[in-house]
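In this text the structure is predicted, and so the values were computed from the model without any measurement. Read the numbers this way: they start at 1 and go in the same order the structure lists the ligands and their atoms. Residue numbers run from 1 in the order of the sequence given.
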Amino acid sequence: MSNYLEILMIMVALVLVIVIWSLSSVLAMIAKKVVEFSKTNKKVMMIIVVAFGTMFANQAMAQTDAAISDSTAAKVPTFYGGLSGTTFWTLSSVIALELLIVLLLVIFIRNLWNVLNPVQVIDKKMSKSWIIKTWDTLDKKFFTKAAPIEQEADILLDHDYDGIKELDNALPPWWKYGFYITILVAVFYLLKFEVWHTGQNPTEEYSTEMVEAKIQTDAYLASAKENVDEKSVTMTDGAGIATGKLLFAKTCVACHLSNGEGSVGPNLTDDYWIHGGTINDVFKTLKYGYPDKGMQSWQTTYSPVQLQQLASYVKSLKGTNPPNAKAPQGDLFQDSVATN
Ligand code: HEC
């Protein structure tokens, strides 16, 4: 057992034994199935005979192949790869025989498999599964109610237009139901848009969407220049302050009164500030608020630019001295550039 070729050949022979063993079990399994079917179906016996026939035809060919390879192998020198002629030829014969058996098994399995498969198809058709039965019912109910071609003569009407006759066949049910649904939708549509006027017609929808788009565009354009925060904020221009005044009148007067003189919220016109009097401080107060003190955060209500306008307006109120102003709160704040 010192020769590698010998070891290799023995290994191959052993592997082939395993292959033969597995193929035989497969064959046995398939054969058993075929026998079972042949009990119920007489035709199968015929097919098996045919299968055997092909097998022998194949075997004849395989033998010829083996014979050819044998004659070529005979020309190989007596000592081959360091093995004695006897050992080499014995092992070669074993491997060749095993290969032949494998070949035969494969052919046989293939033939029987071919026998078995059509049988399985026939068998399935004979005893319909519940899936097929359900499908048949559904099919009749929803998909094809039409008479089969063989029965078309029965439903052909007498009408004859120059040889063209009318076939009174049933429409596909799903299609008909679809048509009924469109009728219902049409009635509903008519009522909703023409009688009750609860929906928008396309023209109205269009103008609504245009308005919405305008709002969105404005918001986008506004946000494009909105990089103002409490650090970078500066006093805005006169137009900005005017806008701030409008926003203030809308939202802030409830607590700070119309002139900023203060009621619930502090007086915004004096030199005293609780949270600082620079434009940055005021902006910060508006942005984040002091919710626990009654002044909410406005950053979700107003954009940074609007906060800037509000803060600028608040700053512009300084020294306006409105009547009935609330008493100063907070610290005195001297802002030399308050009105820049
Ligand atoms: C619900 C009432 C209320 C509304 C509305 C309100 N505020 Fe105030 N505001 C307050 C109160 C209360 C304070 C004092 C907070 C504190 O004591 O810390 C305050 C404080 C302020 C301050 C800081 C004053 C300081 O002395 O530091 C500013 C500035 C201000 N508000 C501006 C506004 C602006 C601008 C609006 C509108 C966007 C507004 N507030 C809306 C109640 C309100």
Next item on the list: Tell me which protein heavy atom sits closest to atom 41 (C) of ligand 1, plus the residue, atom name and distance to 0.1 Å.
Entry: W298 CZ2, 3.5 Å
Checklist line | Min N/O separation K293 to ligand 1 under 3.5 Å | finding: no
Item checked: Distance (rounded to the nearest 0.5 Å) between Y290 OH and K284 NZ -> 5.5 Å
Item checked: Under 3.5 Å donor-acceptor, K315 side chain and G277 backbone -> yes
Note to self: If hydrophobic residues (ILVMFWY) are linked whenever their side-chain heavy atoms come closer than 4.5 Å, directly or via other members, who joins L167 in its cluster?
What the structure shows: I155, L156
Check: In Å and rounded to the nearest 0.5 Å, what is the CG to NZ distance from L27 to K32?
Finding: 13.0 Å
Notebook entry, point to check: What atoms of ligand 1 come within less than 4.0 Å of a heavy atom belonging to T251?
Noted result: 5 (C)
Per-pair distances, 0.1 Å, donor-acceptor, side chain in residues 10-24, under 3.5 Å, sequence neighbours excluded:
unit_1	atom_1	unit_2	atom_2	d
S22	OG	I18	O	2.7
S24	OG	I20	O	2.5

Check: Is there a path from L246 to L317 through hydrophobic residues (I, L, V, M, F, W, Y) whose side chains come within less than 4.5 Å of each other?
Finding: no
Check: Of the protein's non-hydrogen atoms, which lies at the shortest distance from atom 25 (C) of ligand 1, and what is that distance?
Finding: I274 N, 3.4 Å
Check: Does CG in D154 sit with more than 12 non-hydrogen atoms of other residues, nucleotides or ligands closer than 6.0 Å?
Finding: yes
Note to self: Could you see if I30 belongs to whatever hydrophobic cluster contains I101? Use Ile, Leu, Val, Met, Phe, Trp, Tyr and a side-chain cutoff under 4.5 Å.
What the structure shows: yes
Item checked: Minimum-distance protein heavy atom relative to atom 27 (O) of ligand 1 -> H275 N, 2.9 Å
Please list every donor-acceptor pair under 3.5 Å in which a side-chain atom of residues 184-200 meets a protein atom from a residue at least two apart or in another chain.
unit_1	atom_1	unit_2	atom_2	d
H197	ND1	F193	O	3.1
H197	NE2	E194	O	3.2
Q200	OE1	T208	OG1	3.4
Q200	NE2	T208	OG1	2.9

Next item on the list: Could you please tell me which protein N, O or S atoms lie under 2.8 Å from atom 8 (Fe) of ligand 1?
Entry: H256 NE2, M295 SD
Check: Taking only heavy atoms of V264, which atoms of ligand 1 are found under 4.0 Å from at least one of them?
Finding: 12 (C)
